[in-house]
Amino acid sequence: MAKKQTTPQEREPRMWLFKSEPDVFSFQDLLKAPKKRTGWDGVRNYQARNFLRDDCKLGDLVLYWHSNAEPPHAAGIAKIVREGHPDPTQFERGHDHEDPGSDPSDPRWMQVEIEAVKAFPRPVTIDMLRADKRSAGMLLLAKGQRLSIQPLAAAHYELVLELAGLT
DNA sequence: GCCAACGTTGGC
DNA sequence: GCCAACGTTGGC
């Protein structure tokens, strides 16, 4: 069979917001990691898991949010470099994120791998976002919203870049 | 399938 | 450290 010259099926990159507590793993930690990459392990919420498993695709962009920070802020941009695959920590004895109920032949929890793209010249705080009307509709700002993996509208992504001084 | 109790998240 | 909001668990 002759080689096909067709390009792989592509779609426009999507944007996501990933939350991380900087005391646990910060954007600076990601920059210092080998190849500036890390497996995004430890997600233990089904809705977030589904995004990681089904919807985060190679080349998608990730807004890296520092939660539980003073003040909470966006710290930089990363990208998806490996799509959903089993999170190894669910099977590690004694690990904080071990899940004894997860069957190795049908793993319950997934991760993706991300790579740092760019640190923001200045962080974009939650107050900066709230002060800009264009942030209307951002899931992040919704009352009671705790989801750690969130889809992010392109317009909101662009807004954050602007506030970060990158445009 | 209901729902009270419990655990977690994350801004404040 | 507080606590509102939310997700999960488990008895019934």
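Letters go in sequence order (proteins before strands), and every chain restarts at 1.
Remark: A/Tyr64 pairs with A/Phe27, A/Trp40, A/His66 by the ring pair (Phe, Tyr, Trp, His ring centres under 6.0 Å) rule, at least two apart or across chains. In this structure, A/His85 has no ring pair (Phe, Tyr, Trp, His ring centres under 6.0 Å) partners at least two apart in sequence or on a different chain. Partners of A/Trp65 by ring pair (Phe, Tyr, Trp, His ring centres under 6.0 Å), not counting sequence neighbours: none found.
When the options A/Arg82, A/Arg14, A/Arg11 are evaluated for a salt bridge (Lys or Arg N to Asp or Glu O under 4.0 Å) with A/Asp60, the one that passes is A/Arg11.
Sorted by residue number, the list of members of residues 88-108 of chain A with any non-hydrogen atom under 4.0 Å from DNA chain B is empty. Of all the residues in residues 60-67 of chain A, A/Trp65, A/Ser67 reach under 4.0 Å from DNA chain B with at least one non-hydrogen atom.
Counting heavy atoms of neighbouring residues, nucleotides and ligands inside a 6.0 Å radius, atom NZ of A/Lys36 does not exceed 12 of them.
Judged purely by distance below 3.5 Å, without hydrogens or angles, the side chains of A/Asp87 and A/Thr89 pair a donor atom with an acceptor atom.
Each of A/Asn68 and A/Gly144 was matched to the nucleotide of DNA chain C holding its nearest heavy atom; the match closer to the 5' end belongs to A/Asn68.
Under the 4.5 Å side-chain heavy-atom criterion for grouping Ile, Leu, Val, Met, Phe, Trp and Tyr, A/Leu159 is connected to A/Ile77 within one hydrophobic cluster.
Of all nucleotides in DNA chain C having an atom under 4.0 Å from a heavy atom of chain A, the first and last in 5' to 3' order are C/dA5 to C/dT8.
Put simply, the side chain of A/Arg49 gets close to the backbone of A/Arg108: a donor and an acceptor are under 3.5 Å apart.
Here the CD atom belonging to A/Glu92 is positioned 13.0 Å from the CG atom belonging to A/Asp99, to the nearest 0.5 angstrom.
Within the 4.5 Å cutoff, side-chain heavy atoms of A/Leu61 are placed close to those of A/Met15.
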